[in-house]
Number of protein chains: 4
Amino acid sequence: MSVPHEEKWNAILDAAYRVFGTKGFYETKMAEIAEEAGIAKGTLYLYFSSKEEMFLAMSRRDFAIFLDGLRTELSGSFTFREKLSCIAKHHMEYFFVRRKYERVFFNSGNNDPGMMDMLTEFLSDYMKIVSDVMEQEGLKKPLYLAKALSGILEAYKMDILFAEGFGKEELQDRVEFTVNLFLNGCRGSY
Amino acid sequence: MSVPHEEKWNAILDAAYRVFGTKGFYETKMAEIAEEAGIAKGTLYLYFSSKEEMFLAMSRRDFAIFLDGLRTELSGSFTFREKLSCIAKHHMEYFFVRRKYERVFFNSGNNDPGMMDMLTEFLSDYMKIVSDVMEQEGLKKPLYLAKALSGILEAYKMDILFAEGFGKEELQDRVEFTVNLFLNGCRGSY
Amino acid sequence: MSVPHEEKWNAILDAAYRVFGTKGFYETKMAEIAEEAGIAKGTLYLYFSSKEEMFLAMSRRDFAIFLDGLRTELSGSFTFREKLSCIAKHHMEYFFVRRKYERVFFNSGNNDPGMMDMLTEFLSDYMKIVSDVMEQEGLKKPLYLAKALSGILEAYKMDILFAEGFGKEELQDRVEFTVNLFLNGCRGSY
Amino acid sequence: MSVPHEEKWNAILDAAYRVFGTKGFYETKMAEIAEEAGIAKGTLYLYFSSKEEMFLAMSRRDFAIFLDGLRTELSGSFTFREKLSCIAKHHMEYFFVRRKYERVFFNSGNNDPGMMDMLTEFLSDYMKIVSDVMEQEGLKKPLYLAKALSGILEAYKMDILFAEGFGKEELQDRVEFTVNLFLNGCRGSY
DNA sequence: GATGAATGAGGATTCATTCAT
DNA sequence: TATGAATGAATCCTCATTCAT
């Protein structure tokens with residue numbers, strides 16, 4: 001359990017991301033990940049003690065990237081609308097870029113308690129960031145609002161995966177729609 | 001391939017719902033479903049030709065109940081606000097009642113094309129019902145609105161599963177919040 | 001174990017013959033035989049106590065028909081050549097008529113001792129009939145000759161199954177060839 | 001799909017030969033082959049993708065040995081009688097040596113098309129070798145003769161399996177008888 | 001007698017994980 | 001460190017047989 005060559009550690013997680021993301025946790029075979037990473041099956045176990053742990057590490061890394069990116073971008077936004085846009089855009093773009101591997105976030109699962117804990121923690125962190133934005137604006141029930149916002153974005157995420165010819169314009173379209181709806185309600189101007 | 005005793009067919013699907021719902025598709029063993037249903041393993045295969053097909057049948061039945069219930073309840077709602085409340089309440093209560101078995105809707109997972117098709121069709125039907133409500137109100141982009149609404153509800157669904165002591169009051173609370181947010185935006189009165 | 005309606009007993013064996021003969025012992029399902037016979041699965045067990053026993057009964061009946069027919073036809077043959085022709089013709093025609101169901105004689109098998117015994121007994125009876133013919137002709141090693149003759153016919157039986165467009169003429173051709181070879185050796189006139 | 005250690009590949013096929021040869025295809029369990037080979041069940045599947053494929057590979061190897069041996073031995077025979085003796089002896093000895101495992105050639109059975117194809121090809125190759133011998137002797141209908149010869153030998157093969165105390169002398173006896181019968185007919189001197 | 005729903009032992013195959021090299 | 005051959009527990013599914021109706 002030393003910390004072997006970090007480069008390979010990341011390469012394995014990259015491969016894992018591609019395969020898990022394409023086929024889901026259960027349909028993914030360790031052999032496939034090894035092949036995708038261009039190493040031997042046994043080697044995987046020098047870096048991760050089990051399939052679950054590997055999935056966990058991969059998710060952890062992915063979640064961290066998501067949250068760090070969001071924090072960074074958010075620090076450059078100032079008005080409330082800007083912040084909402086920033087959140088929406090980040091959420092959508094993150095998955096848009098990774099759309100080929102989207103089984104990951106879906107199929108987050110298996111009943112592994114470790115997995116559940118980590119997902120819960122991720123959501124908690126994400127919601128904290130968003131609800132802070134709400135709070136800074138003096139809104140009531142900031143956590144409710146945060147969840148609602150991310151829920152809308154999750155719903156539109158589906159379009160990334162299933163809508164024909166979904167591109168950057170459609171993405172921007174959804175982002176703006178979301179912000180307007182969130183600010184003004186369904187009868188607001190948009 | 002006759003259709004033996006419909007009663008047992010439903011009993012098996014009930015058992016399947018409980019087990020799939022608790023453990024997810026992959027962690028569920030056919031033997032467990034048989035045991036839960038109080039019958040022999042082999043008997044399952046008199047009713048369903050495979051684990052996949054059984055999961056499919058179970059989902060199909062569940063989706064149909066959800067949609068039929070929604071249509072029925074919606075037909076007793078008249079104002080726009082009433083209709084929104086009705087949708088939100090139905091969505092939340094449906095899962096609240098089934099909260100013990102919520103792995104089902106999650107882990108629809110498994111790359112089975114039949115499953116994907118059915119899920120897509122369900123979503124399409126659900127969104128049609130909701131977007132019709134938006135359209136009747138003369139709103140623009142009714143499908144976007146429908147997806148946004150259901151997205152919010154899905155986000156709150158998480159609270160059903162994970163929030164401590166989530167009960168009927170919390171549920172009603174989320175429903176009202178959702179409707180107000182949807183109608184008036186985040187700064188609206190609620 | 002009474003002797004139920006003999007007609008149905010035979011009907012079942014007819015069905016069994018068709019299915020076993022097409023697919024072999026192991027690939028045949030009791031359900032298929034029942035369907036082929038137009039009766040219920042359970043009914044088979046009123047007539048035969050197991051799949052093996054059914055196969056045995058079917059073979060027994062088939063063997064008896066073969067031997068009875070041979071005896072009858074042979075009783076109308078007088079010269080040695082006539083008798084050889086009769087044997088050859090009977091052997092070939094028997095399988096020609098049943099060529100659609102020829103897996104039976106092949107796949108006679110499974111390791112069931114009862115099956116082995118019966119096959120052995122059948123061969124013994126068959127060889128007795130043929131070797132008697134040899135003996136009546138005053139030939140030495142009549143049993144060897146009997147086996148040789150039937151061996152040749154078995155080899156040609158393959159052509160019934162696999163040769164394209166094998167018909168009555170080809171059959172007659174093989175019969176005459178066999179008799180000539182048997183009488184005169186490979187350099188004899190034929 | 002590299003070809004791991006050829007030695008083990010052969011060892012598995014040897015074990016398979018013994019078990020299939022004793023019990024037939026259907027009565028043989030993969031677990032038994034593994035045990036016979038002294039390895040784990042799973043290992044079998046590193047070398048053969050299925051029970052069928054294993055049986056096929058085993059038969060293929062066996063057939064090739066049979067034919068190669070025959071060709072080799074035949075190349076040392078010169079007169080027609082010598083060649084016939086060679087064929088007969090090879091055929092009989094091949095099975096004599098393997099008499100404990102004779103279910104293999106019998107029970108080639110199983111409707112697998114791959115198996116049928118291979119069996120057909122084997123017979124075709126075998127018959128080609130034998131009929132070439134006939135042709136070189138200027139005999140008419142060489143293929144008929146080839147089939148007849150092998151048919152006789154197959155019939156005597158039964159004696160290997162079932163005749164009490166069948167030994168080398170009996171074998172030689174059958175070989176000579178076969179050759180004489182084939183050359184001179186049933187009334188020839190032998 | 002006839003039925004066919006129910007049974008459950010049994011077997012082929014998969015795949016995460018180990019460990020000798 | 002890296003390998004990949006070997007392992008064997010685990011699981012889906014089949015099908016001969018039974019038995020309540």
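Below, chains carry the letters A, B, ... as their sequence lines are ordered, and counting in each starts from 1. Predicted model only: the values in this text are computed from it and were never measured.
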> Once each nucleotide of nucleotides 13-19 of chain E is scored for protein heavy atoms under 4.0 Å, what B/S/- sequence comes out, 5' to 3'?
Replying inline: BBSSBB-
>> On DNA chain E, compare the nucleotides closest to B:Ala40 and C:Leu44; which residue's is nearer the 5' end?
In response: C:Leu44
>> Restricting to side chain to side chain contact (heavy atoms under 4.5 Å, CB included), what partner residues turn up for A:Asp125, sequence neighbours left out?
In response: A:Leu67, A:Glu121
>> I need the CD1-P distance between C:Ile39 and E:dG4, as an integer number of Å.
In response: 11 Å
> To the nearest Å, how far apart are D:Glu35 CD and E:dA12 C1'?
Replying inline: 17 Å
> Cut-off 3.5 Å, side chains only: do C:Tyr101 and C:Asp62 have a donor facing an acceptor?
Replying inline: no
>> Can you list every stem that DNA chain F is part of, counting only runs of 3 or more consecutive Watson-Crick or G-U wobble pairs with both distances under 3.5 Å?
In response: E:2-21 with F:2-21
> A:Arg61: what forms a salt bridge (charged side-chain N to carboxylate O under 4.0 Å, His left out) with it, not counting sequence neighbours?
Replying inline: A:Asp14
>> Tell me whether the rings of B:Trp9 and B:Phe48 are parallel (<30°), tilted (30 to 60°) or perpendicular (>60°).
In response: tilted
>> Run the side chain to side chain contact (heavy atoms under 4.5 Å, CB included) test against A:Ser50 and tell me which residues pass, sequence neighbours left out.
In response: A:Glu52, A:Glu53
> D:Phe66 and D:Phe122: ring-ring contact (aromatic ring centres under 6.0 Å, His included), yes or no, with the steps?
Replying inline: CA-CA 10 Å; D:Phe66 181 93; D:Phe122 164 70; 5.7 Å; yes
> Does B:Lys8 count as lying over the ring of B:Tyr47, i.e. NZ or CZ under 6.0 Å from the six-ring centre, within 45 degrees of the axis?
Replying inline: no
> Please, which pairs that meet side-chain hydrogen bond (donor to acceptor under 3.5 Å, both in side chains) have at least one residue in residues 33-45 of chain D, sequence neighbours excluded?
Replying inline: D:Arg18-D:Glu36
> Roughly, in whole Å, what's the span from CE in C:Met54 to P in F:dC15?
Replying inline: 16 Å
